[in-house]
Structures are given as C-alpha cells and as structure tokens.
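Below is one structure, written out as structure tokens; comments come after it.
We name chains A, B, ... by the order of the sequence lines, and we start the count at 1 in each one.
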Amino acid sequence: MSGNSIRDTFFEECEELLEALVEGLSQMEESPGDTEVVNAVFRAVHSIKGGAGAFGLDELVNFAHTFETVMDKVRGNEIVVTGDLMALFHRSGDHLSDLVVAARDETVANQETEAGLIKELEGHLGPDHAEEEFSFDALTLDFDADSSAAIVIDDLEGSQAQDHEAERRFGIAFTPTRALYENGHEPLLLFDALAELGTLSVEMNMAQLPDFDAFDPAEPCISWTLDLLTQETETTLHEVFEFVEGLCVIDISVTEVPAHTQVEPADGELAPPAFDPPEETPMPDATSADSVPDPAQAEETASPGTGPAASVAGKEPRGPKATLRVDLDRVDRLINTVGELIINQAMISQRIEELDLPTVAHLTNELEAYKLLARDIQEGVMAIRAQPVKPLFQRMSRIVREASDATGKKARLVTVGDSTEVDKTVIERLADPLTHMVRNAVDHGLEKSEIRAAAGKDRMGTIRLSAAHRSGSVFIEIADDGAGLNRERILEKAIEKNLVPADAELSEPEIDNLLFLPGFSTAGTVSSLSGRGVGMDVVKNAVQALGGRVSIASQPGKGTTFTIILPLTLAVMDGFVISVSDQTMVIPISSILETIRPKPKDIHVIGTDSHVVSVRGSYVPIVDVAENLGLGKIRSDKEVGILLLVSTETQGLTALRVSAIHDQRQVVIKSLESNYAAIPGVSAATILGDGKIALILDPEELIKLAQPSASDQIAQHARMELRHA
Amino acid sequence: MTKTILSVDDSKSIRDMIGFTLEPRGFTVIGAADGVEGLAKLGSQPVNLVVCDLNMPNMNGIEMVRKMRADRRFDGIPIVMLTTEAQKEKMMEAKQAGATGWLVKPFDEAKLVAVVNKLLG
C-alpha cells in the first residue's frame, strides 16, 4: 500500500462525506431540532477534518475546524439555527467541497470566500472562542511524546518571570487501584512523564504485599512515593495524572518552596500551594479530583455524561446500510460476461429450434427457465451499476444557490424521486448537462422577484428537479415556474442568426426546439452564468450520446419544463431486428413511434428523388436506410417496404424505410468504435442468436446523413409547403 | 511475538494510515470500521493495543470502550482514543469509560509511533 492510494481513499471518502453533509443540511431545514441530523452533519465535517489532518492538508483542516466548532455549538444547543445560519452552513459546505477539490488537485480555493466565511462562522462563536481554542491545545499535550517541552514553552511565554524561577519540590503519593491496570495504564509511563518534568526519585512501597498464599495477581498491592524537583506548576503535575484520576489515590503536596517564589504571588499561573490543603487526603474513588481547586479540573469532573454534546453522542444514529466497495472494472467485466450469457442463451434457443425436435416439451420449458434466469442475472448485475440520482440532484442545490446569488433572483430547488436509480455512467455524464439546464432555468427561466410579485406569483421561484422510471426509461425533468419561453423572441433570434429562413412559419414545438440548434443563445447579453460558450445543443448532444433525448414544454406565464428521457442501461437495449437490403440490423425501439406498411398510393415523389408518405393527413419525408448506408436502393415502385416512424429533435417526424421487421428482442450493445471505428448512422453492434453480428442503427444520425445541412432548409420548406397545401 | 494493534475507525484512510505507519515498524495492524466490528475483532484474536476513533456510526468510540472495559477478557489492553474532538468533556467521558490515552488528530507518524511505543513498552 502506498501513501498515494491512501490519499485516493481519503478523497473518495470526502466525496461521500460531502454528500452526507449536503443531505444533512437539507434535512436540518426540513426537520429543525433533530439532533441526529445535526450530529450527522457534525460528523461529516469532523471526519473530513480528521482525514485532512492526517494528510497535512492544513487549509482544509483550518476551515473544517471552524465549521465543525460552530456545528458543535449547534449540537450542544448553544446556537440557535436561523435561516441566515442555514444559508451560511450551505455556503460553508460549498466551500468545504471546493477545498477538498483544491486539495485533491493541489490548487488553491478562493481565499477571499474563505476569509469571509470564517469571519461569519466565528461571529457565531462568541467572544470566548479564542480561549477555548487555547485550552484545547494545552490539553492535547499530555499524551503527546513531546508534551513536556511544549508545556514549558507555553509557560515561559505566559510569564517571563518564571525564567528565573527556582525549582520546587513535590511529594507525590500514588496508590493505583485495580481499575487502573484493567484500563491498560502502566505506572511506569506516568513516572516517565514526571521524570521529563524535572528530577524524579521513586520509592516503591511493598508494605501491603500479602503472604504468598493470599496473593491475588489481579489485585494491586504496591504503592509509590515520588519526589519531584521541578519548575512546573502543580496543575501540570495533575495533568500527567489526568487520565488515571479516579483510578488511583493520588496526593500531591509541595514539600519545599524556595523563599523567593513568594515574591510573585500575583501570577495565577503559579497555582499557590496553599490551595491544596494536605488534610483533604483524597479517597480512592472518582471524587479525588474534587480536592483539586483548579477551576479547569473542577469543570471536567462535573461534565462527563452531563453535557448536551455527550448525551447526543451516546446514541449514534442508525448506521448506513452495509456496502461493498468494488473496482468498477470488475463490475464491467461481469456485465460483459452476462452479455455473453444472454447471447449464448439466444444461440442455444435458436439451435434447438433449428433441430426441429418432435415436441420435446420439457426442453422448451427448461429453455424458457434458462432465459428467465439469464434475464434475472442480467438485471441483478445491471443493478450493481445503478445508483440513485440523489447525489447528482444534491449538487444542483448548490448550482441553484450560486445562480440565484449571481442573478439576484430568488430561487429554491425542489427535488422529487431522488432515489430513482440510474446507471453510474449516465449519472456521471449527466452532471454537466444538468448543471447547465438548472443554471439556465434560474437565469433565463425565472423572472425577477418584482416581476413575479407583480404577476401574483411567489417572489421566490421554484426549480423542480424530478426523476422517475417510466416504461423502461428514466425520465428526468427540470421545470421552472417562470415566465415560459418567449417564442417570439426565440424565432426572431433564430432568423437573425440565419438558423431559419425569415419567412419560416413554425409550430410552437418547432420554435421551442430551435433552442437546441448549435449557435443559438437567447440571452440578450452574455451573462456570467449562462454565457459560458455552451448552449442547449451541447446538452442535447450529451443526452443523445447516452442514447436519450431531450424535449421542451412551455406554458406562457407558468414556466418551462425540459424532459430528458434516458435508457435504463447502456449495456442492453430493446430493439427491432430488421433487414435492410439483405443485411440484418437492429434499430432501438425507443426511437420508433410507429411502424407503417404503406400503400403505394400514400407515397409521393417530390422533386427528382425525394419521397414523402402521407400519414393521417400530413406528409412525412422518407429516408431510405439502405441507400444511406450505401447498400443500394429499395425501389419504391414495387417494393414499398416497411416504414418506421421516428421523431427526431432536429428534423421532426421522419419515416425510415427498411425491407422487413423480423423480431423484437433485447440486444447486448457492443461498441463498434472501440472494436472497429465509428460509422456515421451506426451507433454500435450486437451479436444475434445465430451468432451473426448486426449493426445497431442510430436513427437521428441516419436522418442527418440523408439531409446534409445544405439541403436541410429545403427539406424543411418542402415539409411546410406540403403541410399547408 | 509481534504485537497486534486494532485500529477502530470508520474512515478507511485513517485505518490505512495507521497500518502504513505501524506495520513497517514491526506491528501487526488490524482494522474495524465501528465499535461493533471492533469488539468482534477483539473477541476473535489477541490484541495488544486498541486505537479507537470517537465518532463512528453503529457504535461510537466511547460506547465501545465501555463495552470493552465491562468484559474481563480485555482487561489491561490499553485504549488510545483517536479523534479531532476539541472538547474536554468528550475526553473526560472517554476516560471515565476506561480509555487509557488520547491522541488528537491530526497526528503525525512520529506522534503515533511514540504513543504506541510508550504504551506497549
């Protein structure tokens, strides 16, 4: 194991802890006063600090410490949580996350932000903060190997007068109880610690040693008398015994005081010996500390188990579900193998069918069972890669917060269905598009507070992020309750940018979809938020790369909703097995709206070589798949073939012409790009039951191939003319 | 015989860190992610020293120390509490429960080694 891999582990942990932190903070808002939630938040910050300290990440430790200290006060009910404080916690969480990233990438987080946050956080700590800090440091020294040196330095700094201080002689009577040994203490270690403070002589007292017959090895019978000549104060001596108090009888008394120490009685640090009356010999129980008049000591005996913090910590919140951290490669290997299993199962089924055995009913049943089992295994394996969208959604609350700060528009984020599970890769690749859309929703979607108020709406806008499984797909919606799309402005802009002809008459959905065109940006001025060079076309491309699509719905005055529809998994999909010319291919079912077996009279020729089909009164352009893949042409006159109606974001409704549909089945996706090369119009390949390789078509790309950008507008024109004919 | 140190911490990086520091120095380091697991490990093999975190899910450090001290089998095993905890009362609570010593995170290698050497003589 190397130091680096431990470091990696730490940053992985940090991610989990930051998630827990964000979740805890939002729970704190939902159920204020829930101590377990506060405790969870505290522990998250605390653990980050702990780990960071181990790796010497001082920046992280410093900030986490301040944050933690305030959280601890909240935990101890010393600070009341207000809305402002919650906002501060959120911002502190964000900054902590920045610091973690900075530490990981060895960069520096925004120090201005940090200074501001620390100041604000410390503002909640009250004036006694600095003092507390000090006593904390001093306390830790006892078990520190170099404690004595540190204490001496502290004392010297405290009062220079001690420089010339003469030594005092202390007499210490030390009688351990059985519990001292049971708790793993060793008197020798204590004596070593004392010896470091000055000149020590130890005398063992064996008077209590019983006869051999009566000897109980577990019962302590030796006591010690120590004589220490030191410059240290009695408090320091007590600190050495701090952890064995209550486990032994200890009596410390000053046996020899140099005359001139009396000259400086004003110095409280010196702990005048007169405070320790020798007649109050401590009893062998926990109350022995009471005989020590030092206020700090008195406080410590009063507090165990009674402080609010202690009572909270006594009962830890329900633990997380047991989990197993597995290398992703292993999971992917398993998924691949299961893919092979599915193919193998399909092959066996087909071979047996080919044998044409006379009613071997049993075999059919077993085969069916095999098929079901293979599916179950596959689903189970896929579930390993599935993760709830929660962390992804949680990250968006920060985006909303930042966007809201930057634009001055008040906004809240509501998430729905964040336990919905989606493939890990999908979640990872969705982060950027989602960030962009959420940012857009605040920046462009929501109106300013005054305008909202004037329209009779809540001054605070709502961004609703929801996820759900619906008919084998994952639906993710980003909805705002803003003014809705300004279609006039969108069209104007598109014409201005030459994206559509000036005289184009577009339907509302068509106008909405203009947003997805490359080079489109509605913002009149490039704002710091949305104008980052990426538009909705980038979002669309990212979603399409995942095999999904994006759509828009907008209602004036009510808001805009973007819906991302994604396949449940990237490894398998449901497809139609089709033939194109004499090739067997697969087309994803998710992209097909309906299949049509057209009558020859429904097909019309436009221009020289373009065909359209009339579907319930409107004309849809036909794209011949074979032709576009360079496999020749299906002649329209005799062989009409079958039309697959697909809806694409850019081209609208289009019909793909294929020769025949054979089957509907689940196919395992095998990347073509990594095994061969990317082919336009083909997204991947699969292995069919008969062992043959089939290409999986990408309808969107295929249609783009058919309509090179130059002819785009012509086709669109043609479509529109037809519609209005 | 090599001495065995049980590191009880919910943070794997801390457990790794302790192993990484102590194993080259001739100690055997075993890990547990919380108090429950810690007690189970203690019951299944001889342990010479426990280094225990304070804040852990399932069973926290103080609870674990209490349970350990209530079990005669574990008499005399030193327990070093390891935490970033700044409050004195927490430390006193741990002590009351039967902890032997205290090491404040962030700790460096030298500190850890010194404390372990000290307690294991």
Side-chain angles (χ1 to χ4, degrees), chain A residues 1 3 5-7 9-10 13 42-43 46-47 49-56 61 65 68-69 72 132-133 135-136 139-140 142-146 179 181-186 188-189 192 218 242-243 245-246 286 296 299-301 303-307 309-310 313-314 316-320, chain B residues 9-14 16-17 19-20 23 34-36 49-50 53-60 62-63 69 72 74-80 82-93 95-108 110-111 113-115 117-119 121:
Chain A
M1 161 129 347
S5 75
I6 303 179
R7 216 178 119 96
T9 312
F10 166 66
E13 271 168 14
F42 173 81
R43 202 169 54 224
H46 171 85
S47 298
K49 173 180 146 187
F55 293 98
V61 173
H65 177 70
E68 174 200 64
T69 311
D72 191 47
E132 239 171 71
E133 200 66 21
S135 68
F136 153 57
L139 265 172
T140 65
D142 258 290
F143 296 96
D144 186 334
D146 308 308
Y181 295 103
E182 285 173 355
N183 282 6
H185 291 283
E186 167 58 51
L188 184 59
L189 300 177
D192 280 349
E242 194 162 29
F243 247 73
E245 262 161 31
E299 175 201 88
E300 87 204 15
T301 49
S303 41
T306 57
E316 287 292 337
R318 56 262 160 185
Chain B
D9 204 304
D10 54 339
S11 160
K12 185 173 181 303
S13 54
I14 294 287
D16 285 351
M17 179 88 177
F20 191 53
E23 277 177 345
D34 58 39
V36 178
L49 172 77
V50 176
D53 189 23
L54 199 53
N55 274 289
M56 291 182 294
N58 291 336
M59 186 192 286
N60 69 25
I62 290 176
E63 196 59 30
R69 289 304 178 217
R72 300 308 305 264
F74 309 139
D75 276 0
I77 302 178
I79 308 171
V80 178
L82 180 64
T83 186
T84 56
E85 208 69 41
Q87 306 93 338
K88 200 164 182 178
E89 60 256 38
K90 264 302 167 68
M91 175 172 145
M92 285 306 124
E93 202 189 335
K95 176 207 142 178
Q96 211 82 19
T100 315
W102 187 269
L103 189 62
V104 169
K105 291 192 274 189
F107 59 91
D108 56 25
K111 247 188 214 176
V113 172
V115 167
N117 277 331
K118 214 167 179 184
L119 287 172

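- Proximity to chain A is limited to the side chain of B:Ile14, based on heavy atoms less than 4.5 angstrom apart.
- If you measure heavy-atom distances from A:Glu186 to chain B, you find no contacts under 4.5 Å at all.
- Taken from CG in B:Asp34 to CG in B:Asn60, the straight-line distance is 10.5 Å, to the nearest 0.5 Å.
- Of the options B:Met56, B:Lys95, B:Glu93, a side-chain contact (heavy atoms from CB on, under 4.5 Å) to B:Ile62 is made by B:Glu93 and by none of the others.
- Partners of A:Asp192 according to the side chain to side chain donor-acceptor pair (under 3.5 Å) rule, which considers only residues two or more places apart in sequence or in another chain, do not exist here.
- Proximity to chain B (any heavy atom under 4.5 Å) is shown, for A:Phe10, by both the backbone and the side chain.
- With a 4.5 Å cut-off on side-chain heavy atoms, B:Asp10 and B:Pro57 count as touching.
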